[in-house]
Amino acid sequence: MKAWIEEDNINYEYIIRYLRDTIPERSGHIAEMEAYAKEHDVPISQPESIRFVEVLLKIAGAKRILELGTAIGYSAIRMTNACGAQVVTVELSDEMADEAQKNFKIAGIENKVKLIRGDAREVVARLPEDEKFDVIFVDAAKGQYMEFFNHCNRLLRKGGVLISDNVLYKGMTATDELVVRRKITIVRRLRDYLEMLKENKNFSTALLPIGDGVALSFKE
Ligand SMILES: C[S@@+](CC[C@H](N)C(=O)[O-])C[C@H]1O[C@@H](n2cnc3c(N)ncnc32)[C@H](O)[C@@H]1O
């Protein structure tokens, strides 16, 4: 099953290598953040996934983005730079949030990004819906996506896009053969989440096998 597939990746290694060769090389602060993430084991978006998000944001002309799961601010910075949108981003870990705040300053986008510290499940419940978001990027704890959903739906404008990252979860969502015992609950929750999106008449969803699997949902 896993022949030719690098550990943890859902695609053949040669495909990933080729996809990554087609993406503009990163330099400066962005490259430094990638190196920091690798060194400190911070799970930032895969290059091909964040590239996809950047292009999508340009097409969508996004002005307001909500991100759940900031980590060190890598995706928030790339999203802001891609389309100049205002980003509201939520992070549970103070250590991560401190690092993200430093990175927003270095990137010169402090006025564009609002970092909210706390559990996204509580934060999204508090956010007012008078100013809806054009795009919501869900990239926090994978077992909590369903809990975020009703509020994401409430906060997303009609015609807006919900992007859910890591939904194929190293391939485990797609086949029991890959499921490791300690991840069973997360895998079940991700399967339920994708089933719910499939059945949801208010959203049109496409599942893309890039990075760790991206669900792209258009709000009708
Ligand atoms: C995959 S990382 C985010 C990566 C980031 N979006 C990027 O691509 O640069 C997930 C982050 O979500 C945070 N997180 C997990 N559960 C959360 C929750 N319930 N509320 C807020 N943040 C959460 C983790 O602390 C972690 O930093």
Side-chain angles (χ1 to χ4, degrees), residues 8-10 20 23 26 29-57 62 65-83 85 87-107 109 112-127 133 135-152 155 161-170 172-173 183 185-186 189-190 193 208 210-216:
D8 283 359
N9 281 322
I10 62 169
R20 290 184 184 174
I23 295 168
R26 280 81 64 206
H29 182 220
I30 293 291
E32 282 164 26
M33 289 177 79
E34 289 181 3
Y36 178 97
K38 201 167 180 185
E39 193 186 330
H40 295 85
D41 257 333
V42 180
I44 59 170
S45 295
Q46 282 94 335
E48 58 276 24
S49 304
I50 192 66
R51 181 63 181 160
F52 167 75
V53 170
E54 285 176 338
V55 174
L56 181 80
L57 295 178
I65 301 169
L66 172 64
E67 175 182 62
L68 308 183
T70 320
I72 59 172
Y74 175 79
S75 51
I77 291 172
R78 290 199 57 167
M79 290 193 292
T80 307
N81 287 344
C83 61
V87 176
V88 175
T89 182
V90 186
E91 176 55 52
L92 182 62
S93 149
D94 270 329
E95 197 186 336
M96 287 289 155
D98 289 345
E99 204 56 44
Q101 205 72 70
K102 274 191 238 162
N103 282 320
F104 296 149
K105 196 166 181 191
I106 295 169
I109 57 160
K112 286 270 182 193
V113 182
K114 181 178 175 195
L115 173 65
I116 303 178
R117 292 169 190 253
D119 189 322
R121 288 170 293 186
E122 291 157 21
V123 173
V124 286
R126 284 199 312 262
L127 286 177
F133 292 94
V135 172
I136 301 184
F137 181 50
V138 180
D139 196 20
K142 312 306 157 199
Q144 297 171 0
Y145 283 16
M146 193 74 102
E147 291 177 76
F148 302 141
F149 179 75
N150 282 341
H151 289 290
C152 287
L155 295 165
V161 180
L162 174 70
I163 308 168
S164 313
D165 202 8
N166 305 97
V167 290
L168 291 178
Y169 205 44
K170 307 178 194 341
M172 288 186 275
T173 313
K183 301 289 186 187
T185 304
I186 296 177
R189 289 179 180 176
L190 279 171
Y193 179 69
L208 309 174
I210 56 165
D212 196 24
V214 177
L216 188 62

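Just so it is clear, the values below take in all heavy atoms, side chains as well, and ignore hydrogens, waters and symmetry mates. On a predicted model such as this, the values are computed, not experimentally measured, just so you know. Along the sequence shown, the residues carry numbers beginning at 1. Just follow the structure's listing: the first ligand is 1, and inside any ligand the first atom is 1.
Distances between N or O atoms of Ile44 and those of ligand 1 include no value under 3.5 Å. On a distance-only criterion, Asp139 and ligand 1 share at least one N/O pair closer than 3.5 Å. The shortest N or O to N or O distance between Arg121 and ligand 1 is not under 3.5 Å. For the pair Ala120 and ligand 1, the shortest N or O to N or O distance falls below 3.5 Å. At least one N or O atom of Gln144 sits closer than 3.5 Å to an N or O atom of ligand 1. Residue Ser45 has at least one N or O atom closer than 3.5 Å to an N or O atom of ligand 1. Of the N or O atoms in Gly69, one or more lie within a sub-3.5 Å distance of an N or O in ligand 1.
Looking only at side-chain heavy atoms (C-beta outward), Val88 and Ile65 stay at 4.5 Å or farther from each other.
Separation of atoms CG (Leu92) and CG (Leu68) is listed at 11.5 Å; rounding is to 0.5 Å.
Using the six-membered ring where Trp is involved, Phe148 and Tyr145 have ring planes that are tilted, between 30° and 60° apart.
Asp212 places a side-chain N or O within 3.5 Å of a backbone atom of Lys170 that can act as its donor or acceptor partner. Checking side-chain atoms of Ser93 against main-chain N and O of Met96 turns up a donor-acceptor pair under 3.5 Å. When atom types are taken as modelled, the side chain of Glu67 and the backbone of Phe137 share no donor-acceptor pair closer than 3.5 angstrom. Using a distance-only test at 3.5 Å, with no hydrogens or angles considered, no donor-acceptor pair links the side chain of Asp139 to the main chain of Gly69.
Scanning the protein for heavy atoms near atom 7 (C) of ligand 1, the closest one is Ser75 OG, 2.9 Å. Closest to atom 27 (O) of ligand 1 among all protein heavy atoms lies Glu91 OE1, 2.8 Å. Nearest protein heavy-atom neighbour of atom 1 (C) of ligand 1: Pro43 O, 2.9 Å. Nearest protein neighbour of atom 17 (C) of ligand 1, counting heavy atoms only, is Ala140 CB, 3.7 Å. Closest protein heavy atom to atom 16 (N) of ligand 1: Ala141 N, 3.3 Å. Protein heavy atom at the shortest distance from atom 22 (N) of ligand 1 is Leu92 N, 3.1 Å.
Under a 4.0 Å criterion applied to the non-hydrogen atoms of Gly118, ligand 1 contributes the atoms 20 (N), 21 (C). Near Tyr74, with a cut-off below 4.0 Å to any heavy atom, the atoms of ligand 1 are 9 (O).
In summary, the side chains of Ser164 and Tyr193 do present a donor paired with an acceptor at a separation below 3.5 Å, with no hydrogens or angles considered.
At a 4.0 Å cut-off, not a single heavy atom of Arg78 sits close enough to ligand 1 to count as contact. Ligand 1 has at least one atom lying under 4.0 Å from a heavy atom of Thr70. In this structure, Ala37 falls outside the shell of residues with a heavy atom less than 4.0 angstrom from ligand 1.
A salt bridge links Arg78 with Glu54; the closest basic N to acidic carboxylate O contact falls under 4.0 Å. Using a cut-off of 4.0 Å between Lys/Arg side-chain N and Asp/Glu carboxylate O, Arg117 and Asp98 are scored as salt-bridged.
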### Task
Take Ile50 and Tyr74, measure what side-chain contact (heavy atoms from CB on, under 4.5 Å) needs, and give me the verdict at the end.
CA-CA 9 Å; Ile50 192 66; Tyr74 175 79; 4.1 Å; yes
